[in-house]
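Below is one structure, written out as C-alpha cells, with a few remarks after it.
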Amino acid sequence: MSGLKIRVNSEIGKLRAVIMQPPGKGIERCTPLNIGSFAWDAVPSPGKAAEEHRKWVETVRSFGAGVLVFEDLLREIFVLPGVREDVLPSILETERPCVTAQTLEVLREYLLGLSPRDMVDRLFFGMTKDELNRETGEVSLHDLADRRDEWCLFPMTNVLYSRDSAAVLGEGVVFGRMLNRDRMKEPACVKALFKHHPLLKDTGFKTWYGAAEGDDRPVEGGNIHCYSPNVFVVGVNERTHPESIERIARRTMESGHITDVLALLFENPRLGPQDSIGLTVHVDMFLNMIDHDAFLFFPYIEKKISVLHITRGRGDRLRITRENSLFGAIRKVLKLSSLRIVKVGGSESEAVAFAEQRAGSGGNTFTLEPGRVCIWDRNTGTIRALEKAGINVVPVEADELVKGGGGPRCSSMPLWRDDL
C-alpha cells in the first residue's frame with residue numbers, strides 16, 4: 001500500500017487504510033471453564049469466527065479501504081534482520097511478574113527458535129509452563145510447582161479487537177496500556193510495527209502516548225474518539241486513567257491541533273456473576289459519531305455520565321470545567337446548532353435495547369464514510385432506527401465474533417481517513 005498516511009481527523013471521514021486482525025489461534029484455548037479469564041462471553045467456534053472475520057474484511061475492502069492484517073505485518077517485520085531479538089523482550093516483559101527470570105529466558109530462547117509464522121501463532125496461542133517444559137526441560141521448579149497460574153505465555157485471546165492497543169489521533173498515535181493480561185502484549189507488538197515495518201515507520205507520525213518515561217497508566221483505544229481536527233472525546237474508567245488523558249491532552253495541544261477535550265467519566269457495570277466484560281467497557285460501546293451531526297447512543301446510562309471539558313490553561317496547566325449535558329457539550333465544541341441522536345434499540349422496549357447493547361454490541365458501529373456505518377446484523381431494532389434517521393447501514397454477520405463482547409469499531413484500527 002504505497003503512499004500510506006497516518007492521519008485520522010474525525011470518526012467519519014472516508015476510510016482509506018485500517019489495521020484489522022482475525023480472531024487468531026488464542027480463541028482455540030477457550031473452554032467453558034476459562035472464558036471469564038479470557039474475557040469472552042461464550043466459547044466461540046474458531047473456524048466460523050475466522051470465516052465471519054474474512055467476510056468482515058471483504059466488506060471493508062469493498063468500500064475502497066486498504067486493509068492491513070495485523071498478524072501479516074508482524075510476520076513481515078520478524079523476517080527482518082535483528083528485529084525479533086530487538087522486539088521480543090518488550091513483548092515478553094508483561095509476563096515478568098508471573099514467572100521466574102529463568103523461565104522467561106527459556107521462553108524467549110524457545111520463541112526465537114521458531115519461524116516468523118510459527119512465532120506469531122505461538123504468541124497468540126500462548127504457552128503453559130508444562131508445555132514449555134516438555135519442549136525445553138528447563139522451566140524452573142518454582143514455576144512448575146506453582147499451580148495458581150498455568151501460563152508462562154498468556155494467550156492473546158482478544159487480539160481481534162485491534163482498536164484498543166493503539167489509536168491514531170490526528171497525525172499521531174496513542175499506544176495503549178492494557179488492563180487485562182490477555183491484552184498486555186498487544187501494544188508492544190503495535191509499537192514494533194510502527195518502528196520497523198516499511199509501510200509505517202517512515203510516515204512521520206507523532207507519538208502522543210506510550211513512548212515517554214512515565215507513560216505507564218492504562219489507556220485503551222476504544223475510549224478515544226476524534227470528532228474533528230480540534231476535538232477529541234475520551235472515556236475515563238478503569239481502562240483509561242486520568243493521568244494518561246492529561247498527558248495526551250497536553251501533548252496534542254502543544255504539538256497538534258487539539259483545542260478541546262471532552263472527558264466522559266463512567267463506570268463499567270457487570271450484569272451478573274458470569275459477566276467478565278461489562279455493559280460499557282469503552283465509550284465506543286455506548287456512543288459513536290456516525291455523521292457530521294449524528295450519534296448512536298445507548299440512552300440508559302446518560303444520567304451516569306459526568307462530562308469534564310478540558311482546554312489549555314496557564315503555562316502547562318489544563319483548564320477543566322464541568323459540563324451539565326453530554327450532547328450540549330458535544331454541540332458546543334463542534335459548533336453545531338443541533339444534533340441527531342439515534343438510540344440503541346430504536347423505538348423498541350428497554351429490554352430490547354439492553355439485549356442489543358449487551359448481546360449484540362448494539363452501540364458499537366464503524367463508520368466507512370459520513371452517514372454509512374457497519375453494525376453487527378443481529379441488532380435489528382438499532383438498524384431500523386439508523387435507517388429511519390437516514391443512515392446507510394452495512395450489516396455484518398457476527399454470530400461468533402460477538403461472543404467476545406466487541407463490535408465493528410472494536411475490531412478495526414483506522415490509520416487514515418479523508419479530512420472532512
Side-chain angles (χ1 to χ4, degrees), residues 5-15 163 166-174 205-209 219-237 240 242 244-266 282-297 302 305-313 316-342 363 365-367 369-371 373 409 413-420:
K5 296 180 182 178
I6 303 300
R7 189 169 70 209
V8 175
N9 283 317
S10 76
E11 290 291 308
I12 63 172
K14 184 173 176 58
L15 183 70
R163 170 75 60 156
V168 176
L169 185 59
E171 295 181 350
V173 183
V174 174
F205 67 93
K206 300 172 183 176
T207 299
W208 302 132
Y209 193 84
V219 58
E220 298 188 2
N223 269 331
I224 298 174
H225 295 237
C226 186
Y227 279 8
S228 80
N230 310 113
V231 176
F232 76 86
V233 171
V234 59
V236 188
N237 65 353
T240 303
S244 311
I245 296 167
E246 287 184 327
R247 287 186 173 225
I248 297 167
R250 284 193 177 94
R251 291 165 183 168
T252 55
M253 288 177 182
E254 291 171 358
S255 302
H257 299 289
I258 294 296
T259 57
D260 296 83
V261 178
L262 295 182
L264 312 185
L265 283 66
F266 67 97
H282 299 122
V283 169
D284 65 9
M285 294 303 290
F286 62 84
L287 174 67
N288 278 289
M289 188 178 193
I290 54 179
D291 204 346
H292 297 274
D293 62 344
F295 295 81
L296 178 64
F297 183 56
E302 185 169 10
I305 300 173
S306 298
V307 183
L308 300 179
H309 185 181
I310 305 172
T311 54
R312 295 196 70 164
D316 65 349
R317 296 176 183 173
L318 298 173
R319 178 178 174 82
I320 303 176
T321 56
R322 192 176 294 274
E323 298 284 351
N324 295 323
S325 163
L326 169 61
F327 290 108
I330 291 173
R331 191 170 60 247
K332 178 170 67 175
V333 296
L334 293 181
K335 299 178 174 58
L336 294 171
S337 59
S338 63
L339 300 177
R340 289 180 288 158
I341 311 301
V342 181
T365 54
F366 182 59
T367 306
E369 59 189 14
V373 302
R409 188 181 191 273
M413 187 180 81
L415 298 173
W416 179 14
R417 288 185 181 274
D418 282 355
D419 293 338
L420 297 176

Report summary line: Output for pair (R250 CZ, R317 CZ), nearest 0.5 Å, gives 10.0 Å

Report summary line: S244 and V219 have their tightest heavy-atom pair at CB-CB, 4.0 Å

Query - Spatial distance of atom OG (S228) from atom CD1 (I258) [nearest 0.5 Å] - result: 6.5 Å

Query raised in the report: Nearest heavy-atom pair of L15 and P414: which atoms, and what distance?
Result: CD1-CB, 3.9 Å

Query raised in the report: Is there a side-chain contact between M289 and L334 (heavy atoms, below 4.5 Å)?
Result: yes

Query raised in the report: For the atom pair CG (L264) and OG1 (T240), what is the distance rounded to the nearest 0.5 Å?
Result: 11.0 Å

**Report entry** Worked check of side-chain contact (heavy atoms from CB on, under 4.5 Å) between V168 and M413
**Finding:** CA-CA 8 Å; V168 176; M413 187 180 81; 5.5 Å; no

Report task. Enumerate the residue pairs fulfilling salt bridge (charged side-chain N to carboxylate O under 4.0 Å, His left out) with a member in residues 319-331, sequence neighbours excluded, ordered by first and then second residue. Result -> E323-K332

Query raised in the report: Would F205 and L415 satisfy side-chain contact (heavy atoms from CB on, under 4.5 Å), going step by step from the backbone distance to the final call?
Result: CA-CA 10 Å; F205 67 93; L415 298 173; over 6 Å; no

Query raised in the report: If you take all heavy atoms of A263 and V236, which pair is closest and at what distance?
Result: CB-CG2, 3.9 Å

Query raised in the report: Between atom CD1 of I341 and atom CZ of F297, what is the distance when rounded to the nearest 0.5 Å?
Result: 8.0 Å

Query - Heavy-atom check, side chain of L262 versus side chain of Y227, under 4.5 Å - result: no

Query raised in the report: Nearest heavy-atom pair of L296 and I290: which atoms, and what distance?
Result: N-CD1, 4.0 Å

Query raised in the report: Heavy-atom count around K5 NZ within 6.0 Å, excluding the residue itself: above 12?
Result: no

Report summary line: For I320, the side-chain contact (heavy atoms from CB on, under 4.5 Å) test, sequence neighbours excluded, returns L308, I310

Report task. Using the side-chain hydrogen bond (donor to acceptor under 3.5 Å, both in side chains) rule, collect all pairs that involve residues 254-263, keeping only residues at least two apart or in two chains. Result -> D260-H309

Query - Closest non-hydrogen atom pair, N288 against G363 - result: ND2-O, 2.7 Å

Requested in this report: For the residue pair L169 and I248, establish whether any side-chain heavy-atom pair is separated by less than 4.5 Å.
Outcome: yes

Report summary line: Distance col, row D316:CG vs M253:CE, nearest 0.5 angstrom, shows 12.5 Å

Query raised in the report: So do the side chains of V283 and F266 get within less than 4.5 Å of each other, counting heavy atoms only?
Result: yes

Report task. Check side chain to side chain donor-acceptor pair (under 3.5 Å) between R247 and all other residues, then give those that pass, not counting sequence neighbours. Result -> D215

Report task. Quick one: pull up CG in N237 and NE2 in H282 and give me the separation to the nearest 0.5 Å. Result -> 6.5 Å

Query raised in the report: For K206, what residues pass the salt bridge (Lys or Arg N to Asp or Glu O under 4.0 Å) criterion, not counting sequence neighbours?
Result: none

Query raised in the report: Can you name the residues that form a side chain to side chain donor-acceptor pair (under 3.5 Å) with T365, not counting sequence neighbours?
Result: none

Query raised in the report: Can you name the nearest heavy-atom pair linking P370 to H292, along with the distance?
Result: CB-NE2, 3.8 Å

Report task. With sequence neighbours excluded, tell me which residues meet side chain to side chain donor-acceptor pair (under 3.5 Å) with T367. Result -> none

**Report entry** Residue list, side chain to side chain donor-acceptor pair (under 3.5 Å) with R417, at least two apart or on another chain
**Finding:** none

**Report entry** Beyond-backbone contact of R409 with E11, side-chain heavy atoms, under 4.5 angstrom
**Finding:** yes

Query - Pair listing, salt bridge (charged side-chain N to carboxylate O under 4.0 Å, His left out) test, anchored in residues 287-297, at least two apart - result: D291-R340, D293-R340

